[in-house]
Student: 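First the structure, which I've put down as structure tokens, then a few questions once you've had a look.
What's counted below: heavy atoms across the whole structure, side chains too, no hydrogens, waters or symmetry copies. Chain letters run A, B, ... following the sequence lines, proteins first, then strands; residues in each count from 1.
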Amino acid sequence: MPELPEVETVRRGLESLIIGKIIKTTQHDTEKSFPNASADIEAFLYGATVIAIRRRAKVLLIELSTQYTLMVHLKMTGQMVYVGSDYRFGAGHPNDSLVNTLPDRSTRVTIEFTDGSQLFFNDQRKFGWMKLLPTIEIPNVDFMKKVGPEPLEADFTSQQFADRFTRRKRTTIKAALLDQSVVAGVGNIYADEALWGAKVHPQRLVQTVTDQEFESIYTDLRAVMTLSIEKGGSSNHTYVNAEGKRGSYMDFARVFRREGLACPRCGTTIEKLRVAGRGTHICPHCQVV
DNA sequence: CACTTGACCTGTCCGC
DNA sequence: TGCGGACAGGTCAAGT
């Protein structure tokens, strides 16, 4: 699921919903979803107040008053869904069809606040995880050390963007875009969307991409991600925001999951292929190898 | 090192 | 209707 715009949408939702709340208890079903939860929970999670919600790449950081942080990766099918204290156990979620009852069989972690409201970490495929770490240790996590710059930062330039790709010269531009150490937060949806916008075929080798084309990819990537955040992200399958609501970016997608439909720029039928092991969508007229 | 592939999981959809 | 296989928004460990 969740690429930068979706995680950012969840972040904003949580920011308005749980800042200042105090964690009373948590439950988790599998060790995998909340590894090493053990001892630190009692001391640093229960009784902690939520003081900030941050995001780095596709990672959510729920910062607590105890100098600990809950680090969350939603991977493909993760959800962070909040319900208020008036939520009746087992009732349908008030907002959306993608969330039925809470908790459900995909619920991995339940966080209950002292006011009776609850936050559910759901993850159908169990790829995602939540970890409790000292806040000061977050920058030392392997992923955080290697992850590239945030593409939507105001001071991130087109030139800096292009320079990040020098480490991946001999691979395809799509594989390089998906590499989190190049640029943070890009996933399958926005890689395809940005490459269509820039008229660059995803199988083009990085070393053949021109400065002008890098600038186009940079511009379009920032544009589609910004638009997607405005639209609350993309809901293909399981993604919902912190209120259980879907995002509507898919209504605005130009190529992603639009195979068989007309290219909005030239009318040619959009095709689907595999690049970098991922389903990839292109306009065969606008994007040539 | 750079690069590719398979593994991690569950659910759904498609063709036989 | 049932069943097998491919596939799904991400990342990591192993392999070349």
Student: Checking contacts here: which listed nucleotide (dC3(B), dT11(C), dG11(B)) is nearest the side-chain heavy atoms of Arg170(A)?
Tutor: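 The listed nucleotide nearest to Arg170(A)'s side chain is dC3(B).
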
Student: Start at the 5' end of DNA chain C and walk down; is the nucleotide closest to Phe256(A) or to Phe143(A) reached first?
Tutor: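 So the residue in question is Phe256(A).
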
Student: Would Lys231(A) and Asp251(A) satisfy salt bridge (Lys or Arg N to Asp or Glu O under 4.0 Å), going step by step from the backbone distance to the final call?
Tutor: CA-CA 9 Å; Lys231(A) 301 300 176 188; Asp251(A) 296 341; over 6 Å; no

Student: Just checking Asn188(A): base, sugar-phosphate only, or nothing, at a heavy-atom cut-off of under 4.0 Å?
Tutor: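 Sugar-phosphate only.
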
Student: Do NZ/NE/NH1/NH2 and the carboxylate oxygens of Arg278(A) and Asp192(A) come within less than 4.0 Å?
Tutor: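 A salt bridge is absent here (no side-chain N lies under 4.0 Å from a carboxylate O).
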
Student: How far does the P atom of dC9(B) sit from the matching atom of dA13(C), given to the nearest Å?
Tutor: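 Nearest-Å result for dC9(B) against dA13(C) at atom P: 15 Å.
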
Student: Within 45° of the ring axis of Trp129(A) and under 6.0 Å from its six-membered ring centre, is that where the NZ or CZ of Lys131(A) lies?
Tutor: yes

Student: Are the side chain of Gln160(A) and the backbone N or O of Thr157(A) linked by a donor-acceptor pair below 3.5 Å?
Tutor: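 Side chain of Gln160(A) to backbone of Thr157(A), a donor-acceptor pair under 3.5 Å: yes, one is there.
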
Student: From NZ of Lys126(A) over to C1' of dA7(B), roughly how many Å is that when rounded to an integer?
Tutor: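 In whole Å, dA7(B) C1' lies 16 Å from Lys126(A) NZ.
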
Student: In whole Å, what is the span from the CZ atom of Arg257(A) to the P atom of dC13(B)?
Tutor: 10 Å

Student: Report yes if at least one side-chain N or O of Thr171(A) is closer than 4.0 Å to OP1 or OP2 of dT4(B); otherwise report no.
Tutor: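 Answer yes for this pair, as a side-chain N or O of Thr171(A) is under 4.0 Å from OP1 or OP2.
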
Student: In whole Å, I'd like the distance from the NZ atom of Lys32(A) to the P atom of dC8(B).
Tutor: 9 Å

Student: Taking the six-membered ring for Trp, does Phe127(A) stack with dT11(C) (centroid gap under 5.5 Å, planes within less than 30°)?
Tutor: no

Student: Rounding to an integer number of Å, can you tell me how far Arg125(A) CZ sits from dC9(B) P?
Tutor: 11 Å

Student: Taking CG from Leu177(A) and P from dT11(C), how many angstroms apart are they, rounded to a whole number?
Tutor: 13 Å

Student: Measuring to OP1 and OP2 of dG10(C), would you say a side-chain N or O of His73(A) lies under 4.0 angstrom away?
Tutor: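 Negative; the distance criterion is not met.
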
Student: When you check the phosphate oxygens OP1 and OP2 of dT11(C), does a side-chain N or O of Gln180(A) lie under 4.0 Å from one of them?
Tutor: yes

Student: Given that both distances must come in under 3.5 Å, which nucleotide forms a Watson-Crick or G-U wobble pair with dG4(C)?
Tutor: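 Because both required distances fall under 3.5 Å, dG4(C) counts as paired with dC14(B).
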
Student: Report yes if a side-chain nitrogen or oxygen of Arg167(A) is closer than 4.0 Å to either non-bridging phosphate oxygen (OP1 or OP2) of dC3(B); otherwise report no.
Tutor: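 The answer is no; no side-chain N or O of Arg167(A) sits under 4.0 Å from OP1 or OP2.
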
Student: Assess the residue pair Ser234(A) and Tyr190(A) against the criterion (side-chain hydrogen bond (donor to acceptor under 3.5 Å, both in side chains)); give the C-alpha distance rounded to whole Å, side-chain angles, the decisive distance to 0.1 Å, and a yes or no.
Tutor: CA-CA 10 Å; Ser234(A) 300; Tyr190(A) 304 103; 2.8 Å; yes

Student: Take the protein atom CZ of Arg274(A) and the nucleotide atom C1' of dC7(C), then report the distance between them rounded to whole Å.
Tutor: 7 Å

Student: Over all strands shown, is Tyr190(A) touching base, sugar-phosphate only, or nothing at heavy-atom distances under 4.0 angstrom?
Tutor: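 The answer is nothing, as Tyr190(A) stays clear of every strand by at least 4.0 Å.
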
Student: Below 4.0 angstrom, N of the basic side chain to O of the carboxylate: do Arg204(A) and Glu213(A) qualify?
Tutor: yes

Student: Reckon Gly128(A) touches a base, only the sugar-phosphate, or nothing at all at heavy-atom distances under 4.0 Å?
Tutor: nothing

Student: Across the strands shown, which category fits Gly187(A) at heavy-atom distances under 4.0 angstrom: base, sugar-phosphate, nothing?
Tutor: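 Sugar-phosphate only.
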
Student: Return the value, rounded to whole Å, for the distance between atom NZ of Lys75(A) and atom P of dC8(B).
Tutor: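 Atom NZ in Lys75(A) sits about 13 Å away from atom P in dC8(B).
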
Student: CG of Asp29(A) versus P of dC9(B): gap in Å, rounded?
Tutor: 12 Å

